[in-house]
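Positions are given from 1, in the same order as the sequence printed here.
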Amino acid sequence: MKFKGLAIFLVKTILPITVGMVLLVLIVAWMTGMFNEKIEPGNEPSSARRFDPATQNTYEVREVQKQYLTEAVGTLKSAQRTEISSRVLAPIDRILVTAGQTVVEGQPLV
């Protein structure tokens, strides 16, 4: 009876862990290229590196001029700061100028 309990323990616990580890090792070996054909290090014979126009495609190389647009994010700040304030506290009845309008020194604004 003890043997049956041990077999169930092995099948339910140890076997899935072992299968998982083997699969993990196989996946890592595949990702590292262990199952791919390798080229031995060293010099290739020069005949293997010759260009054959009958079997290989040729393409014309030419220079292309492209215009590139560069975007930059930033903030603009005025060199001078203008602060408008009244000398006497009073309600404003009307505004005589609008934003962006050119004014001269001494011209009433409000």
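For the atom pair CG (Leu69) and CD (Glu71), the distance works out to 6.0 Å, reported to the nearest 0.5 Å. Taken to the nearest 0.5 Å, the CZ atom of Phe35 stands 5.5 Å off from the CG atom of Leu26.
Linking ILVMFWY residues whenever their side-chain heavy atoms come closer than 4.5 Å, directly or via other members, leaves Leu23 and Met31 in distinct clusters.
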Could you walk me through whether Gln107 and Val97 pass the side-chain contact (heavy atoms from CB on, under 4.5 Å) check? CA-CA 10 Å; Gln107 177 182 350; Val97 294; 3.7 Å; yes
Walk me through whether Val103 and Leu109 qualify under side-chain contact (heavy atoms from CB on, under 4.5 Å). CA-CA 9 Å; Val103 294; Leu109 303 177; 3.9 Å; yes
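Nearest heavy atoms, Pro16 versus Val11: CD-O, 3.3 Å.
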